[in-house]
J.: 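My questions all concern the structure below.
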Amino acid sequence: MAANNRRMSGKKGAQVGSGGQRRKGLEGKGPTPPAEMRKGHKKNRIATSKAKQTARRPAPRGRGGKGTSELVVGRNPVVEALREGVPASTLYVQQFIDNDERVREALQLAADRGGINLMEAPRPELDRMTNGLNHQGLVLQVPPYEYAHPEDLAAAAADAGEDPLIVALDGVTDPRNLGAVVRSVSAFGGHGVVVPERRAAGMTAGAWKTSAGTAARTPVARATNLTRALEAYKKAGIAVVGLAADGEAELGDLEALDGPVVIVVGSEGKGLSRLVGETCDFRVRIPMPGGAESLNAGVAAGIVLYEAASRRV
């Protein structure tokens with residue numbers, strides 16, 4: 001009896017249990033994160049060192065210059081960017097993040113692609129990087145785009161033994177329109193796209209996504225002055241054709257599309273700027289029986305590129 005008494009508590013009332021903590025401790029914690037994400041792992045130290053070296057390394061300057069780096073913020077945007085093959089240098093993941101399907105997919109896509117540093121960062125650091133945007137624990141760094149020089153596009157056509165087929169954008173500020181034009185140029189065998197350095201859309205993550213991967217093989221050149229770039233093309237024997245609603249020629253009647261040509265597309269609504277319009281050899285209109293006042297840059301470029309490509313078959 002004394003032995004039994006020694007096993008019994010002298011306290012009255014309910015006994016304090018674990019509160020389910022032991023049972024929770026037995027539950028799975030999801031898949032093991034990649035080695036690059038595991039603090040203290042050799043690969044984590046290597047990835048961290050590479051990321052710091054990349055941040056300190058000065059960017060090389062190409063003939064067409066480089067854009068600026070960009071951050072894609074939020075779980076859905078990051079996953080979509082990785083799915084579409086948007087170039088990326090570093091994927092930042094918040095410490096102690098809730099490991100849902102999007103986080104797992106982002107980590108898997110980054111690991112499968114290779115060449116993307118995986119960095120774990122505390123939430124305050126991600127808040128600082130994104131200026132307080134709702135990053136949801138995922139931030140993807142897109143490296144600066146390396147632009148070609150306008151002369152490179154004509155040179156590439158000459159190397160291939162083809163007449164240059166180039167699209168220049170005047171006043172187009174929506175990156176999605178730029179991406180759509182890049183996609184059309186690639187589809188119809190064009191040699192690249194020229195954009196002005198200022199007041200124009202650049203090759204952002206949005207442009208990459210809209211291009212559906214074609215930006216990887218279709219160069220985009222940046223011109224310090226678009227008018228001078230067009231004049232240089234003219235001196236090289238390339239016809240410059242501007243699209244305008246009040247153009248003197250109709251698309252189907254323009255013989256200039258048979259040979260080397262630069263197609264200049266203006267912004268929706270404003271069209272071509274005065275100086276660019278005066279520089280064009282021809283101003284052509286697209287017949288629209290439906291009565292629409294204008295087309296966006298991506299659609300207009302696609303129509304003219306199809307016309308030019310069909311004559312080259």
J.: Taking the side chain from Y145 and the backbone from V220, do they hold a donor-acceptor pair closer than 3.5 Å?
T.: yes
J.: Are the side chains of V276 and L230 in contact, using a 4.5 Å heavy-atom criterion?
T.: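 When only atoms from C-beta onward are counted, V276 and L230 do touch, with a gap below 4.5 Å.
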J.: Contact between F282 and V240 at the side-chain level, heavy atoms closer than 4.5 Å - yes or no?
T.: no
J.: In this structure, would I166 and V195 fall into the same cluster of hydrophobic residues linked by side-chain contacts under 4.5 Å?
T.: no
J.: Taking the side chain as every heavy atom from C-beta outward, state whether L91 and V78 have any atom pair closer than 4.5 Å.
T.: yes
J.: With the 4.5 Å side-chain cut-off for hydrophobic clustering, are L305 and M288 part of the same group?
T.: yes
J.: Out of curiosity, R176 CZ to T210 OG1, how far, rounded to the nearest 0.5 Å?
T.: 7.0 Å
J.: Walk me through whether W208 and E84 qualify under side chain to side chain contact (heavy atoms under 4.5 Å, CB included).
T.: CA-CA 8 Å; W208 270 95; E84 295 294 338; over 6 Å; no
J.: Looking at A205, is its backbone amide N or carbonyl O close enough to the side chain of E70 to form a donor-acceptor pair, meaning the two atoms are under 3.5 Å apart?
T.: yes
J.: May I ask you to test the Q136-N134 pair for a side-chain heavy-atom distance under 4.5 Å?
T.: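 A side-chain contact under 4.5 Å exists here.
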J.: Is any side-chain N of the basic residue among D246 and R285 closer than 4.0 Å to the acidic one's carboxylate O?
T.: no
J.: Give the C-alpha distance, both sets of side-chain angles, the deciding distance and a yes or no for salt bridge (Lys or Arg N to Asp or Glu O under 4.0 Å) between R83 and E105.
T.: CA-CA 9 Å; R83 285 176 182 169; E105 183 176 0; 2.8 Å; yes
J.: Look only at the side chain of N225 and the backbone of T227, and say whether a donor-acceptor pair between them is shorter than 3.5 Å.
T.: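 Yes, N225 side chain to T227 backbone: donor-acceptor pair under 3.5 Å.
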J.: How far does CG of D163 sit from CG of D258, to the nearest 0.5 angstrom?
T.: 9.5 Å
J.: Please round to the nearest 0.5 Å and tell me the distance separating atom CE of M119 and atom OG1 of T90.
T.: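 With rounding to 0.5 Å, CE (M119) is 7.0 Å from OG1 (T90).
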J.: Kindly compute the distance separating CD (E146) from CZ (R222), expressed to the nearest 0.5 Å.
T.: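 The CD atom of E146 sits 11.0 Å away from the CZ atom of R222.
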J.: Kindly give the heavy-atom pair with the smallest separation between V265 and A301, and that separation in Å.
T.: CG2-CB, 4.2 Å
J.: Return yes when atom CD of E248 has more than 12 non-hydrogen atoms of other residues, nucleotides or ligands closer than 6.0 Å, and no otherwise.
T.: yes
J.: Out of curiosity, L109 CG to R102 CZ, how far, rounded to the nearest 0.5 Å?
T.: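 Reported to 0.5 Å precision, the distance equals 14.0 Å.
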J.: Looking at E125 and R128, does any basic side-chain N land under 4.0 Å from a carboxylate oxygen?
T.: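 Looking at E125 and R128, the cut-off is met.
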J.: Are V93 and L138 packed together at the side-chain level, in the sense that at least one heavy-atom pair is separated by less than 4.5 angstrom?
T.: yes
J.: Please check: side-chain N/O of Y233 versus main-chain N/O of A154, any donor-acceptor pairing under 3.5 Å?
T.: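 Checked: no pair found.
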J.: Counting distance only, does the side-chain N/O of D170 pair as donor-acceptor with the main-chain N or O of S267 below 3.5 Å?
T.: no
J.: Can you check whether I238 reaches K234 side chain to side chain, under 4.5 Å on heavy atoms?
T.: no
J.: Measuring only between side-chain heavy atoms, which start at C-beta, is N117 closer than 4.5 Å to S89?
T.: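 A side-chain contact under 4.5 Å is absent here.
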J.: Any donor and acceptor pair, going by atom type alone, linking the side chain of S310 with main-chain N or O of E307 inside 3.5 Å?
T.: yes
J.: What closest approach, in Å, do F96 and E120 show between heavy atoms, and which atom pair accounts for it?
T.: N-OE2, 4.3 Å
J.: Are the side chain of S186 and the backbone of V182 linked by a donor-acceptor contact shorter than 3.5 Å?
T.: no
J.: Closest heavy-atom contact between L226 and A168?
T.: CD1-CB, 4.2 Å
J.: Inspect the surroundings of CZ in R311 and state if more than 12 heavy atoms from other residues, nucleotides or ligands are less than 6.0 Å away.
T.: yes
J.: Determine the minimum heavy-atom distance between M203 and Y147, stating which atoms define it.
T.: N-OH, 3.0 Å
J.: Test D98 against V103 for side chain to side chain contact (heavy atoms under 4.5 Å, CB included), laying out the working first.
T.: CA-CA 8 Å; D98 293 333; V103 173; over 6 Å; no
J.: Same cluster or not: are F188 and L169 linked, directly or through other Ile, Leu, Val, Met, Phe, Trp or Tyr residues, by side-chain heavy atoms under 4.5 angstrom apart?
T.: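 Shared cluster, yes.
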J.: Does any non-hydrogen side-chain atom of L243 lie less than 4.5 Å from one of V304?
T.: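 Heavy-atom side-chain distance check passes, below 4.5 Å.
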J.: Can V264 be reached from V181 by stepping across I, L, V, M, F, W or Y side chains whose heavy atoms are under 4.5 Å apart?
T.: no
J.: Just by distance, do the side chain of R104 and the backbone of N99 share a donor-acceptor pair under 3.5 Å?
T.: yes
J.: Do any side-chain atoms of residues 250-257 form donor-acceptor pairs under 3.5 angstrom with protein atoms, and if so which ones, sequence neighbours left out?
T.:
none

J.: Crowded around D159 CG? As in, over 12 foreign heavy atoms under 6.0 Å?
T.: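 Atom CG in D159 is packed in, count exceeds 12.
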J.: Report, as yes or no, whether the 6.0 Å neighbourhood of atom CZ on R199 holds more than 12 heavy atoms from other residues, nucleotides or ligands.
T.: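 No.
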J.: Assess the residue pair V139 and V72 against the criterion (side chain to side chain contact (heavy atoms under 4.5 Å, CB included)); give the C-alpha distance rounded to whole Å, side-chain angles, the decisive distance to 0.1 Å, and a yes or no.
T.: CA-CA 6 Å; V139 177; V72 179; over 6 Å; no
J.: Minimum heavy-atom separation for G242 and L272, please, with both atom names.
T.: CA-CD1, 3.9 Å
J.: Is there a donor-acceptor pair closer than 3.5 Å between any side-chain N or O of H191 and the backbone N or O of P164?
T.: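 Not a single qualifying donor-acceptor pair exists.
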J.: For atom CZ of R75, decide whether the heavy atoms of other residues, nucleotides or ligands shown that lie under 6.0 angstrom number more than 12.
T.: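 Enclosed: over 12 neighbouring heavy atoms sit under 6.0 Å from CZ of R75.
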J.: Ignoring hydrogens and geometry, is there a side-chain-to-backbone donor-acceptor pair from R123 to I97 under 3.5 Å?
T.: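 Side chain of R123 to backbone of I97, a donor-acceptor pair under 3.5 Å: no, none is there.
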J.: Taking V185 as the starting point, is it possible to reach V241 by hopping between hydrophobic residues whose side chains are less than 4.5 Å apart?
T.: yes
J.: Looking only at side-chain N and O atoms, does D112 offer a donor or acceptor that is under 3.5 Å from a partner on Q108?
T.: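 Judged by distance alone, the side chains do pair up.
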J.: Of the non-hydrogen atoms in R113 and G85, which two are nearest, and what is the gap between them?
T.: NH2-CA, 3.5 Å
J.: Going by the rule side chain to side chain contact (heavy atoms under 4.5 Å, CB included), which residues pair with R274 if we only count those two or more places apart in sequence or in a different chain?
T.: E278
J.: Among V79, L71, L82, which residue meets the side chain to side chain contact (heavy atoms under 4.5 Å, CB included) test with L140?
T.: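 When side chain to side chain contact (heavy atoms under 4.5 Å, CB included) is applied between L140 and each of V79, L71, L82, only L82 qualifies.
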J.: Can you name the side chain to side chain contact (heavy atoms under 4.5 Å, CB included) partners of V299, sequence neighbours left out?
T.: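 Listed in chain order: L295, N296, I303.
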J.: Please determine if E231 and K235 form a salt bridge, counting it only when a charged side-chain N lies under 4.0 Å from a carboxylate O.
T.: no
